[in-house]
Amino acid sequence: MLNKKLRYLQIALNSTLEDAESIISQLPLDQRIILEAGTPLIKNYGARGIEMIRNWWARRILSENYLKPFIRNLSRPGSKPAITPYIVADMKCQDRGLTEVEITKKAGANAMTVNGNAPSETINALIEESKKVGLDSMIDMMNVAQPIKIMRA
């Protein structure tokens, strides 16, 4: 879950896995960075693309020795490193919402998108299923003529 008081930078990774790895290797380790597994990347590489983004960010944390100050705390219940990747899978789900939630969660994303033009039943089912499995859900309102109307439905 994102902290509403912080400002975030969302970086869309839309091309190849090689490009995504290169971009991630150059990013500062900061909890305000949101990594987006973009739709083109997901279409090309599937859930593996999401998994790789998570792995590269985790490797960055380890390679920078970021975790050393936290090692003593890791044995305490509920403790975890301060910087973890927040990954949005830009699935633009149009149907089969429950299946796509399962795929997205298993791949390691924190959130996924549903297309604002999807049937309201799909949007509602995706939001409910996302809550159940601990994913954040986002409605992509790109090219939606009346987004408020969709939100009310």
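Everything numeric in this text was worked out from a predicted model, so none of it was measured.
Among all heavy-atom pairs drawn from Ala47 and Ile103, the shortest one is CB-CG2, 4.1 Å. Across all their heavy atoms, Ala89 and Ile50 have their closest contact at CB-CD1, 3.7 Å. Listed here is the closest heavy atom pair of Asn143 and Asn117: O-ND2, 3.9 Å. The minimum heavy-atom distance linking Cys93 with Glu100 is given by the pair CB-OE1, 3.6 Å. Across all their heavy atoms, Ser15 and Tyr45 have their closest contact at O-CE1, 3.8 Å.
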Mind running side-chain contact (heavy atoms from CB on, under 4.5 Å) on Ile24 and Ile53 for me, showing each step along the way? CA-CA 8 Å; Ile24 291 168; Ile53 290 168; 4.0 Å; yes
Assess the residue pair Ile11 and Ile23 against the criterion (side-chain contact (heavy atoms from CB on, under 4.5 Å)); give the C-alpha distance rounded to whole Å, side-chain angles, the decisive distance to 0.1 Å, and a yes or no. CA-CA 9 Å; Ile11 299 169; Ile23 291 167; 4.2 Å; yes
Criterion side-chain contact (heavy atoms from CB on, under 4.5 Å) on Met91 and Val114, from CA distance to verdict: CA-CA 7 Å; Met91 301 290 276; Val114 60; over 6 Å; no
Is there a side-chain contact (heavy atoms from CB on, under 4.5 Å) between Trp56 and Leu17? Walk through the geometry before answering. CA-CA 10 Å; Trp56 289 322; Leu17 288 178; 3.8 Å; yes
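Rounding to the nearest 0.5 Å places CE of Met112 at 6.0 Å from OG of Ser130. Note that the OG1 atom of Thr16 and the CG atom of Leu41 stand 8.0 Å from one another [nearest 0.5 Å]. Taking CD from Gln94 and CD1 from Ile123, the interatomic distance works out to 8.5 Å, rounded to the nearest 0.5 Å. For the atom pair Met151 CE and Ser120 OG, the distance stands at 12.5 Å (nearest 0.5 Å).
With no hydrogens or angles considered, no side-chain donor-acceptor pair links Thr113 and Lys92 at under 3.5 Å. Side-chain contact, Asp95 with Thr122: no donor N or O sits under 3.5 Å from an acceptor N or O.
Heavy atoms of other residues, nucleotides or ligands lying less than 6.0 angstrom from CD of Gln10 number more than 12.
Here the side chains of Asp19 and Asn14 are not in contact, with every heavy-atom distance at 4.5 Å or above. The shortest distance between side-chain heavy atoms of Asn110 and Arg54 falls below 4.5 Å. The side-chain heavy atoms of Glu36 and Leu13, taken from C-beta on, include no pair separated by under 4.5 Å. A 4.5 Å side-chain heavy-atom check between Trp57 and Leu35 finds at least one atom pair inside the cut-off. A 4.5 Å side-chain heavy-atom check between Glu129 and Val133 finds at least one atom pair inside the cut-off. Here the side chains of Ile34 and Leu9 are not in contact, with every heavy-atom distance at 4.5 Å or above.
Thr104 places no side-chain N or O within donor-acceptor distance of the main-chain N or O of Ala109, the cut-off being under 3.5 Å. With hydrogens and angles disregarded, a donor-acceptor distance shorter than 3.5 Å links the side chain of Gln26 to the backbone of Ser22.
Classification of Arg60 and Glu21 as a salt-bridged pair fails, no side-chain N sitting under 4.0 Å from a carboxylate O. In this structure, Glu51 does not pair ionically with Arg48, as no charged nitrogen and carboxylate oxygen lie closer than 4.0 Å.
With Ile139 as reference, Ile127 is the one residue of Val144, Ile127, Leu126, Asn115 to meet the side-chain contact (heavy atoms from CB on, under 4.5 Å) rule.
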